Amino acid sequence: MGVGVGVGVENEMVAVPDGVVTLSDRRTQRSWTAEVAAFRMSAFPVTQEWYAQVTGERPSAARGERLPVEGVSWWDAVAFCNALSVAEGLTPAYRTGVEAENVEWDASADGYRLPTEAEWEYACRAGSAGPRYGLLDEVAWYRGNSDERVHAVGGKQANAWGLYDMLGNVWDWCWDLYDAEVYGTYRVLRGGGWSDEHWSCRASVRRRSHPTFRIDDVGFRVARSAVPVSRGR
């Protein structure tokens, strides 16, 4: 079912069932298991057309309506989620404070938000157990086949749950802090991008960056809770 603002195939929201996922971090050699409640995730990364419809802005380095929006910070993604929620008459998921680094997730809100890291990996895997949900060249744009540029969303095969570009094309911002004790406010990025080598385009790969960071291979996709959920780790 598509969303209300700028309804189109690129804005479709996919139902993701509840389940359990095991995440891992190569840096710390740590792994942990997380329960995931049922939720909805956008079938594609947010496109430049959708972003412009909601915000009136076109921040991307490359231009194209069906290209994923890039050059957006974590804060830009949070602002988009709230603006889209307001436009559709939903309760915004995020409360932002006066201080630049202060944001709270209202888990009872029915509005749009960023996926948690656990939700992202669980949705990316779509029941698969390997490093990817399909053959890399069939599911992802990466350094080996991208011709050094971003591509229109949906150009590669979807995973078993109908989610496209979960690997490659642009990295996705997630809600979670990466490691607050070591990296402070740095947030998690997932999925790999068009300029990355094959080893970065795997379901388990974690990347981090400051929430103000903007670059031409980082974008995001949106989620909505089916029922109220916890704020994550």
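Computed from a predicted model, the values in this text were never measured in an experiment. Just so you know, these numbers use all the heavy atoms, side chains as well, and skip hydrogens, waters and symmetry mates.
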Rounded to the nearest 0.5 Å, the CZ atom of R132 sits from the CZ atom of R125 at a distance of 11.0 Å
With a 4.5 Å cut-off on side-chain heavy atoms, are L177 and R187 touching? yes
Those residues at least two apart in sequence (or on a different chain) that pass ring pair (Phe, Tyr, Trp, His ring centres under 6.0 Å) with Y122 are W161
Distance col, row D179:CG vs R27:CZ, nearest 0.5 angstrom, shows 5.0 Å
Donor-acceptor pair, distance only, cut-off 3.5 Å: does the side chain of W50 make one with the backbone of P45? no
Once you measure the plane-to-plane angle for W173 and F213, does it fall in the parallel (<30°), tilted (30-60°) or perpendicular (>60°) bin? perpendicular
Could you tell me whether the side chain of Q48 and the main chain of G64 form a donor-acceptor pair under 3.5 Å? yes
So do the side chains of R113 and W175 get within less than 4.5 Å of each other, counting heavy atoms only? no
Please check: side-chain N/O of S128 versus main-chain N/O of G130, any donor-acceptor pairing under 3.5 Å? no
I'd like to know if the side chain of R143 reaches the main chain of H198, judged simply by a donor and an acceptor atom lying under 3.5 Å from each other, with no hydrogens or angles considered. no
So SG of C124 and CG of N159: to nearest 0.5 Å the spacing works out to 6.5 Å
R66 side, atom CZ; H151 side, atom NE2 - distance, nearest 0.5 Å: 12.5 Å
Donor-acceptor pair, distance only, cut-off 3.5 Å: does the side chain of N169 make one with the backbone of G154? no
Compare all side-chain heavy atoms of W171 with those of S200 and state whether any distance is below 4.5 angstrom. yes
Determine whether a donor-acceptor pair (N or O, by modelled atom type, separation under 3.5 Å) exists between the side chain of S85 and the backbone of Y112. yes
Examine distances only and state if a side-chain atom of R208 and a backbone atom of Y186 form a donor-acceptor pair shorter than 3.5 Å. no
Give a yes or no on whether V139 and Y142 share a hydrophobic cluster (residues Ile, Leu, Val, Met, Phe, Trp, Tyr; joining criterion: side-chain heavy atoms under 4.5 Å apart). no
ILVMFWY network linking V218 to V150, side-chain heavy atoms under 4.5 angstrom: no
To the nearest 0.5 Å, how far apart are CD in E117 and CG in D25? 8.5 Å
Specify whether Y51 and F80 have parallel, tilted or perpendicular ring planes, treating 30° as the upper limit for parallel and 60° as the lower limit for perpendicular. parallel
Any side-chain heavy atom of L114 within less than 4.5 Å of one from C174? no
Please check if the side chain of D216 supplies one atom and the backbone of S60 the other of a donor-acceptor pair under 3.5 Å. no
Heavy-atom check, side chain of V14 versus side chain of M41, under 4.5 Å: no
Between A38 and A226, what is the shortest heavy-atom contact and its length? O-CB, 3.2 Å
Do W105 and T116 come close enough that some side-chain heavy atom pair is under 4.5 Å? yes
Criterion side chain to side chain contact (heavy atoms under 4.5 Å, CB included) against P68, the qualifying member of T47, V46, V170: V170
When you group the ILVMFWY residues by side-chain heavy-atom contacts below 4.5 Å and let the links chain together, are L163 and W120 in the same group? yes
Backbone N or O of Y94 within a donor-acceptor pair of the N82 side chain at under 3.5 Å? yes
Students often mix this up, so state it plainly: with edges at 30° and 60°, are the rings of Y164 and F44 parallel, tilted or perpendicular? parallel
Does P92 reach the side chain of V86, with side-chain heavy atoms less than 4.5 Å apart? yes
When rounded to the nearest 0.5 Å, the distance separating CZ of R202 from CZ of R190 is 10.0 Å
Once salt bridge (Lys or Arg N to Asp or Glu O under 4.0 Å) is applied, what residue pairs with a partner in residues 69-85 remain, sequence neighbours excluded? D76-R214
